[in-house]
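Each remark here refers to the structure printed beneath this line.
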Amino acid sequence: MLMMTNELTKRCLALFSGGLDSILSVIWMMKKGYEVIPITFSTPFFATDKAKVSATLNQLDLVVRDILPQHLQMLKNPRYGFGRNSNPCIDCHALMISLAGALLPEYNASFIITGEVLGQRPMSQTRRSLNTVAQLSGYEDLLVRPLSQKLLTDSLPLREGWIKKEDLLSFEGRSRKAQIALAKELGITHYPAPGGGCLLTNPDYSLRIRDLLDHEQTSAREIELLKYGRHFRISPNLKLILARTGKEMEEAYYKYPDEFFMRSLSHSGPWAILRGESFIEADLQLAANILLSYCAKAPTKAKVVWGKADTFDHEIQATKLPREAFLPLLLSTDKEIKC
Ligand code: SF4
């Protein structure tokens, strides 16, 4: 029998996304007398806003940890592959549990809870997926899913009596009726609509992140810039990020003054960011031609300038291209985009 103080065995870390299930699992366990520390993990792929807002509205003291390096490492080669897009959900869940597990000593906590519900999601919350995630995390035996745990194999906290089985629930299936009823019973009125939020499930974003992974260009800046504009992979060394709106370009201009920009010398049209380690003439020429092609009022041939935003000290004579010539370079599922 493991000897632990009562105080320690009553304290757990909770993976907290801010969705109804995670709110319920935290508040349910708190009402049952356990000390719960909700934690949310941040990367550029999924915002923490939802978790922060839900925590505030439900008076929960949320811990936020950045996990981009670990998440990127996993994203390069997830053991269980990807979902429909670049979302490695099994490995991602397992990573989060694993990272929470590694934080247990820091928070003097003895187990981890999640808001997962057996059978709620067709791929990631089947019994098999829950077991796979638990095993892959390395913290299988310290993991408790309060909303469905009565239907799952007992882990150490149950076997050792740190948690009473009658404190746990047996939710199962896709319907959220039971959760909504429990929320009402617990007086939880603030919770967001289900779903959404992870950019890795977005088809266009998936193409862009895969491109960065393939080219081993995964600096924080490269990933941040995925939010802006249309991305053209000109060559392994050069990417052209063409603004979709003036507002978008203005934001990038002020936020990233150290980047190289490109624009038409004398005609209105989008600006672009040039991203690359070293620029070669042929790549720059192609980038300039694409940019000019998006300047509707420019003639077929016109000058394009590039450089740091305060100087634009390089000039290129550019030629408009037919869309078919450059759309294959566009990292988008929508190849119908008009110039
Ligand atoms: S949807 Fe995104 S955040 Fe959620 S498990 Fe999948 S990869 Fe991770």
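In each ligand, atom 1 is the first atom listed, and ligand 1 is the first ligand listed.
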Check your understanding: How about T319 and K301: does a side-chain donor come under 3.5 Å of a side-chain acceptor?
Key -> yes
Of the protein's non-hydrogen atoms, which lies at the shortest distance from [atom], and what is that distance?
atom                    : value
atom 8 (Fe) of ligand 1 : C92 SG, 2.3 Å
atom 6 (Fe) of ligand 1 : C89 SG, 2.4 Å
atom 2 (Fe) of ligand 1 : C198 SG, 2.3 Å

Practice item. Mark whether atom 4 (Fe) of ligand 1 lies under 4.0 angstrom from at least one protein heavy atom. Key: no
Check your understanding: Would K308 and D313 satisfy salt bridge (charged side-chain N to carboxylate O under 4.0 Å, His left out), going step by step from the backbone distance to the final call?
Key -> CA-CA 8 Å; K308 288 286 162 72; D313 51 358; over 6 Å; no
Revision key, fill the gap. In ligand 1, the atoms that come under 4.0 Å of a heavy atom of P88 are 7 (S)
Exercise for review: Under 4.0 Å from a heavy atom of F46: give me the atoms of ligand 1 that qualify, with their elements.
Suggested key: 3 (S)
Review point. Has H93 got an N, O or S atom lying less than 2.8 Å from atom 8 (Fe) of ligand 1?
Key: no
Exercise for review: Show your working on side chain to side chain contact (heavy atoms under 4.5 Å, CB included) between K239 and L225 and close with a plain yes or no.
Suggested key: CA-CA 11 Å; K239 229 172 65 164; L225 286 171; over 6 Å; no
Review point. Can you get from I27 to Y34 by hopping between Ile, Leu, Val, Met, Phe, Trp and Tyr side chains that sit under 4.5 Å apart?
Key: yes
Practice item. Taking the side chain as every heavy atom from C-beta outward, state whether E35 and M30 have any atom pair closer than 4.5 Å. Key: no
**Study point:** Closest contact, heavy atoms only, P88 versus L200
**Key:** CD-CD1, 4.1 Å
